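Bear in mind that the values here come from a model prediction, so they are computed numbers and not experimental data.
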Amino acid sequence: MRAFKGSLQLKFVSSIICIVVPLLGIIFFWQAMAEERQAWTQMINQARVLTRQIILTRQWVSDSQGVFIRQDSPGAQGGGGFYSDLLPTERGTLQRFTPSMVTKRLSLYSFSQNLYRFRLAGLAPMNPENRPDDFEMEAIRSFAQTGSQEYYALDRGDGEAVFHYSAPLLVEEACLSCHKNYTSGTISGCLSVFLPAQHVLDALGRSRAQLFASALALIVLTVLTLYFLVRHLVLKPLGRLEAVADGISRGEFPGEVRIGSGDEMDRLGRALQDMSGKLVESRFRLEEKVRNATGELALANEELKTLDRLKTDFLATMSHELRSPLTSIRGGLDYLRRTETASDRQDYLQIMDKNLRRLVHLVTDIFDITRIEADKVQWNFATADLSELVAEVVEIMAQQAEERNVRLRFDQTGPMPARMDLERIEQVLVNLTDNAVKYSPPGGTVTFEVVCTEGEVQIRVRDQGPGVGAEDREAIFKKFHTAPSSGRGEKPGGTGLGLAICSQIVRAHGGRIWVEDGQDGGSVFTFTLPAGRLP
């Protein structure tokens, strides 16, 4: 999981919003739902009470076999029913009102005062106006199938919301006198009550708006309060501590760190102050040690330079002095090989000649490397054809390669002018060819390539030997490092100076030398020289 990046202030504000907003939102949403449930519970209870009152009124009228009301009274107007029973009295003609007629008159009275209205709906009504509508049919089916005692819904059809409530009407013994087709105890229909609910919806909307405004204000107030407290109690002290730590990292050590909060931040500031003092003390001690060590190193360096110079002078002098007696020994050994005829003595002379050659080669390499390191070599830089030089070296080394059953191959492509010391580059080519022949298997081929690139000429010597391991590719160009066996059972030959001399000569020309694996095995030694222009 990736860490959230940003300032501490942004992280804190985001965390508060992510925690406070959902939490308060859930609380206020639950409060709004609770208010809505309470409002509809009150509406249902009101409908239940009203329905119960109407049913009790109907029951009383039914038990009384109807009530008689003066026909010319305001309460009797518009109250005609399916039956019209009249009773003449001294105070006028009275009309008998059935439970259905009483119910209708009460509904008209309440509706005229914009309170509520109700009606009867029967399955087999004597008055066609009392036939049930779709809602009442669903209510009657619910009463009959599930045995429920109420059925209600909110109707928003005509722009004004109305709460529609229905309760079952049971057939009683008193009802059978008029309703011959009913059976006692069965459901004859339902009583429907219509309560205006728009004011409830409006009140709930205002309540939700107030809750939303209160929640928004509380969220903003909570976030601002917590942000203000954390900014002054945490962020501001942290900023001060950050500035102190940044100053310490730049070497500016404060004398006193005062936060003034009296809490963990203040203790952390004092800890930084103590750390700063210890760092100053350690810095002074370290500087003193560095000064002392620098002086000692300077003296040791001078001594090493003197010893290296003496060593170089000694080796240069000794290698020069050794050449003369070795040359004399070589001449005497050649004379003995020509004059001595005994075969056993010829074998000894051959062994002596082989070791003498190695000794001469060692002295020559030491002489060359010491002169190069002592900067006593006189370079003769000139522009020459490198391709021609490679061809000459191939011709010179051909006999040695044939003795080892190795073929030298060079496809000359034309003049390749390069600026170089001809004698020293020939020495590089001879050393590389000697190594390639030495490590190539019998029947192998050593290939030479000369390629002109932008501003330089590359010379590649490719053999078919065992190759050079990645861990040895840099070390072989150092002094006295010998490569592994050639794979013929021979011990590593040479002094370990040949490639080091090649590297020194190439660097003196401003070039580079390296080794890499060949595509078909073996090694490829490559060195570069600055390109020149033939006159």
Legend entry - Those residues that, when tested against Ser503, pass side-chain hydrogen bond (donor to acceptor under 3.5 Å, both in side chains) (two or more places apart): Arg507

Legend entry - Taking every non-hydrogen atom, the tightest pair across Met420 and Leu529: SD-CD1, 4.0 Å

Inset, instruction - Return yes if some donor-acceptor pair links the side-chain N/O of Asp155 with the main-chain N/O of Val162 below 3.5 Å, else return no. - result: no

Legend entry - Side-chain donor-acceptor pair present, Gln198, Asp202, cut-off under 3.5 Å: yes

Inset, instruction - Working to the nearest 0.5 Å, report the span between CZ of Arg404 and CG of Asp434. - result: 7.5 Å

Inset, instruction - Taking all heavy atoms of Val446 and all of Ala436, pick out the closest pair and write down the distance. - result: CG1-CB, 3.7 Å

Legend entry - Interatomic spacing from CG in Asp411 to OG in Ser387 - rounded to 0.5 Å: 10.0 Å

Inset, instruction - For the pair Arg473 and Asp517, evaluate salt bridge (Lys or Arg N to Asp or Glu O under 4.0 Å) and give the outcome as yes or no after the intermediate values. - result: CA-CA 10 Å; Arg473 290 178 185 174; Asp517 290 336; 2.6 Å; yes

Legend entry - Qualifying residue, where the test is side-chain contact (heavy atoms from CB on, under 4.5 Å) with Val430 and the options are Val393, Ile425, Ile396: Val393

Inset, instruction - Check side-chain hydrogen bond (donor to acceptor under 3.5 Å, both in side chains) between Asn405 and all other residues, then give those that pass, not counting sequence neighbours. - result: none

Legend entry - Atom pair CD1/CG of Ile513 and Leu499 - distance to nearest 0.5 Å: 6.5 Å

Inset, instruction - Sequence neighbours left out, what passes salt bridge (charged side-chain N to carboxylate O under 4.0 Å, His left out) with Arg419? Give chain and number order. - result: none

Inset, instruction - Check the pair Phe477, Asp472 against side-chain contact (heavy atoms from CB on, under 4.5 Å), reporting the backbone distance first and the verdict last. - result: CA-CA 9 Å; Phe477 293 103; Asp472 293 323; over 6 Å; no

Legend entry - Residues in salt bridge (charged side-chain N to carboxylate O under 4.0 Å, His left out) contact with Arg512, at least two apart in sequence or another chain: Glu456

Legend entry - Straight-line distance of Glu392 CD to Leu422 CG, nearest 0.5 Å: 7.5 Å

Legend entry - Considering all heavy atoms, the nearest Val457-Pro417 contact: CG2-O, 3.6 Å

Inset, instruction - Take Gln210 and Arg208 through the test side chain to side chain donor-acceptor pair (under 3.5 Å) and record every step on the way to the result. - result: CA-CA 5 Å; Gln210 292 175 357; Arg208 289 193 186 100; over 6 Å; no

Legend entry - Those residues that, when tested against Glu287, pass salt bridge (charged side-chain N to carboxylate O under 4.0 Å, His left out) (two or more places apart): Arg283

Inset, instruction - Given side-chain contact (heavy atoms from CB on, under 4.5 Å), test Val437 with Met397 step by step and report yes or no. - result: CA-CA 9 Å; Val437 171; Met397 300 294 294; 5.6 Å; no

Legend entry - Trace of the side-chain contact (heavy atoms from CB on, under 4.5 Å) decision for Thr146 with Tyr151: CA-CA 11 Å; Thr146 65; Tyr151 190 86; over 6 Å; no

Legend entry - Atom pair CG/CG of Leu211 and Leu218 - distance to nearest 0.5 Å: 11.5 Å

Legend entry - Heavy-atom closest contact (Thr225 atom, Leu221 atom, distance): OG1-O, 2.6 Å

Inset, instruction - Would you check if Val200 and Met43 make a side-chain contact, meaning some heavy-atom pair closer than 4.5 Å? - result: yes

Inset, instruction - Provide the full list of ring-ring contact (aromatic ring centres under 6.0 Å, His included) pairs with a residue in residues 507-526, sequence neighbours left out, each pair given once. - result: Trp379-His509, Phe381-His509

Inset, instruction - List for me each residue that meets side-chain hydrogen bond (donor to acceptor under 3.5 Å, both in side chains) alongside Gln464, sequence neighbours excluded, and say none if there are none. - result: none

Legend entry - Heavy-atom pair of closest approach, residues Leu154 and Ala161: CD1-CB, 4.2 Å

Inset, instruction - Not counting sequence neighbours, which residues clear salt bridge (charged side-chain N to carboxylate O under 4.0 Å, His left out) with Arg291? List them please. - result: Glu288

Legend entry - Heavy-atom pair with the smallest gap, counting every atom of Pro441 and Val406: O-CG2, 3.9 Å

Inset, instruction - Would you check if Val515 and Thr526 make a side-chain contact, meaning some heavy-atom pair closer than 4.5 Å? - result: no

Legend entry - Atom pair CE (Met33) and CD (Glu35), whose distance is rounded to the nearest 0.5 Å: 11.5 Å

Legend entry - Results of side-chain hydrogen bond (donor to acceptor under 3.5 Å, both in side chains) for Glu426 - residues two or more places apart only: none

Legend entry - Working for side-chain contact (heavy atoms from CB on, under 4.5 Å), residues Val451 and Arg460: CA-CA 8 Å; Val451 181; Arg460 302 189 187 108; 3.4 Å; yes

Legend entry - ring-ring contact (aromatic ring centres under 6.0 Å, His included) partners for Phe28, two or more places apart: none

Legend entry - Residues in ring-ring contact (aromatic ring centres under 6.0 Å, His included) contact with Phe410, at least two apart in sequence or another chain: none

Inset, instruction - Sequence neighbours left out, what passes ring-ring contact (aromatic ring centres under 6.0 Å, His included) with Phe448? Give chain and number order. - result: none

